[in-house]
Amino acid sequence: MSAPTLYGLCAAALVGIGLFGLILHPTPLRKVISFNLVGCGAFLFFGIAARRGAGAGFAGDPIPQALVITGIVVAFAATALAVALILRMLEAGASTVDAKPLPPDDLSP
Amino acid sequence: MPEFLYAAAALVLLLTGLGLMRMLWGPSPADRLMAAQLLGTGGGAIALLIAIASGTMAIIDIALTLALLAAFAAVALTLGEPGTKTRAGEGEQ
Amino acid sequence: MSVVLDAFTVITVTAGLVFFLAGTVGLLRFPDALTRLHALTKADNLGLGLIVLGLLPQCPDITSALKLIAIWVLVQFAGASASQLIAQFVRRNEPGP
Amino acid sequence: MSLLVDLVLVALILMAAVWTVLVRDRRDAVIAFIVLGLLLSLVWMRLYAVDVALTEAAVGGGATGLVLLRACARLLPVEAEGRLPGPGTQIAAGLLSAIAAAGLAAVVLSPPVPYPSLAALAAENIHQVGLGNPVTAVLLAYRSLDTLLEKVVLVLAVIGVWALTPDAFWGGAPGSLKSKHASGALDLLARVLPPFGIVVGIYLVWNGADHPGGTFQGGTVLAAMWLLMMMADLADPPEIRLKRLRRLVVFGPAVFIAAGFAGIFMSGWFLSYPPDYAKPIIVAVEAALALSIAVILGLLVAGPAAEPPKR
């Protein structure tokens, strides 16, 4: 088995594991982490595509590599936004997953 | 020489990988983080060995980045201590 | 000359591996967090340091050799600070003797 | 020998991933995710994608971990760990995930022959943009519109995070990142490391034209240094009403767009560069972008304003 194929199977497993965590965990932060796992697996597929498309003197096709860099940036931005949303939701008194709602705090004037 | 360096890289990976057992065993978050620290250093060593073995000097920059950010997770861990409150203390009663 | 340098590389890198082994064994076998931290810092300082030392004669140019040394200095410094921070964290959370 | 390295790496990655999902405590899950990021950076190195490995090391080992650990710190007193669903649901979820993974694995195992690749096209035209790093050429020349939109997404994410500010705090500073416990080691680290980090960040941006590296990698390192200073209480998070701060956020994308419009007049197309000036233009755009990215990433980690603006 060649290295790209091995990493390709690893990417498939990462997506599977992330998907499982996404369904399994009721709390939003754990869902965000699981979703990032799915993202890591998806990015790794681009790595396989890049390595398999090696040619013209490059060890990997630069186009998928560039796309992954863009993807990692956007995934980070999305994670930061999601985390900010979760924290704000809890501050605003949204109910936590398996417990009673927190008393609404007096942040808004 | 490259074969020896590749083998050394594989061995460092194996050793730091074994160190990751500490991430599973814990018991405290500090212990788990130590596994990550060991992997950061080991990862730097692996990158350097592979860079020299394969003659790809650009890989040295990966080790440089890892070295710069090595302490970052340890600093961030102290943020996560129970009872730590942010200055504004919003939403934490 | 090249044989001597290669032998130097093999010996120092092997010594570096021994310290990584020591770091891992210590991390896994030592009884409490602070002693384990001590093992970790061994790998940081000596393991990586010896590997860097061993790789220096193999560097094709002076820039990469300087970068290697810079990496070791940075890891020394960052590793020492990080271990202090982790130790303080441990002391606060598990009051010891 | 080399396949053995790959096998060990894959085994460690799967272990870290499974642990991330299964561990009870959410902070342990975040630490496992940081470990996964470091391992993936080694994988990218093995796949000869050094630019991506640099990005993964900076983001996976640094920025994402910090965001998630900070969220854990704020969640600890508030939110309980949720109760997992019953065994029936778990088995169903496991089966569904296994089917999805098996489908993807089947795709991996049956690649088209010959494998589609744009590497030849990228190599053919690289002399026209005067860059030595094909990935930078793709990011800032061939597919520059994608990169421009990515920067716009980053700005939108900052706006989104700021929009979550409670009304009373609008215009104020984000919550302090500083650790509750004073620490001499942290203080020393935050005084000594940033000068080196700033040099490395600039080096990565400058180097990115011809060797692996680039705006995002350099910008992340710069952001990490700024955040380190904030955590050691050597710098306060800036008030989000500051005009200067907002100008810094849009500076990079604005320079990029300006270069794009200049392209219309100089060579007829939006974002096309005249061959003689392509490299200087790209390097200037990269420098501006790196500055903005550093500020944007710092602000994304710092989060929405958490205190009223000072008068």
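Values below: every heavy atom of this structure, side chains too, minus hydrogens, waters and symmetry copies. Below, chains carry the letters A, B, ... as their sequence lines are ordered, and counting in each starts from 1.
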| field | Between C/L74, C/L55, C/T14, the one whose heavy-atom pairs under 4.5 Å with chain B are most numerous | value | C/L55

| query | Taking B/L5, B/I60, B/T16 one by one, which has the highest count of heavy-atom pairs under 4.5 Å against chain C? | reply | B/I60

| Heavy-atom proximity to chain B below 4.5 Å, by part of C/I51 | side chain

| note | Looking only at C/D61, C/L28, C/L37, the option with the highest number of non-hydrogen pairs under 4.5 Å against chain B is C/L28

| message | Check whether C/T24 reaches the backbone of B/L15 with its side chain - one donor and one acceptor, N or O, closer than 3.5 Å. | response | yes

| Is there a side-chain contact between B/M1 and C/V10 (heavy atoms, below 4.5 Å)? | yes

| said: Any side-chain to backbone donor/acceptor pair from B/T56 onto B/I52? Under 3.5 Å, distance only. | reply: no

| said: When you compare the side chains of B/D31 and B/S28, does any donor N or O come within less than 3.5 Å of an acceptor on the partner? | reply: yes

| field | Under 4.5 Å from a heavy atom of chain B, the part of C/L48 involved | value | side chain

| task | Quickly, which of C/D44, C/N45, C/T41 forms a side chain to side chain donor-acceptor pair (under 3.5 Å) with B/T41? Name it, please. | result | C/D44

| request: Count the heavy-atom pairs under 4.5 Å between each of C/T9, C/V75, C/L17 and chain B, then report the option with the highest count. | output: C/L17

| Do the non-hydrogen side-chain atoms of C/F30 and C/L40 ever get within less than 4.5 Å of each other? | no

| message | Please check this pair: side chain of B/D61 against backbone of B/L64, looking for a donor-acceptor N/O pair closer than 3.5 Å. | response | no

| Residue part contacting chain C, namely of B/L66, when any heavy atom lies under 4.5 Å | neither

| field | Contact origin within B/M34 toward chain C - heavy atom pairs under 4.5 Å | value | both

| Proximity breakdown for C/V52 and chain B, heavy-atom pairs closer than 4.5 Å | side chain

| said: Using heavy-atom distances under 4.5 Å, tell me whether C/F19 contacts chain B through its side chain, its backbone, both, or neither. | reply: neither

| note | Counting heavy-atom pairs under 4.5 angstrom with chain C, the leader among B/L33, B/L49, B/L20 is B/L49

| task | Between chain B and each of C/L68, C/V25, C/I71, count heavy-atom pairs under 4.5 Å; write down the option with the most. | result | C/I71

| task | Please examine the side chains of B/R22 and C/R36, heavy atoms only from C-beta on, and report whether any two atoms are closer than 4.5 Å. | result | yes

| remark: Counting heavy-atom pairs under 4.5 Å with chain C, the top scorer among B/L68, B/L48, B/L69 is B/L48

| request: Please tell me if the side chains of C/W72 and C/L53 come closer than 4.5 Å, counting only heavy atoms from C-beta onward. | output: no

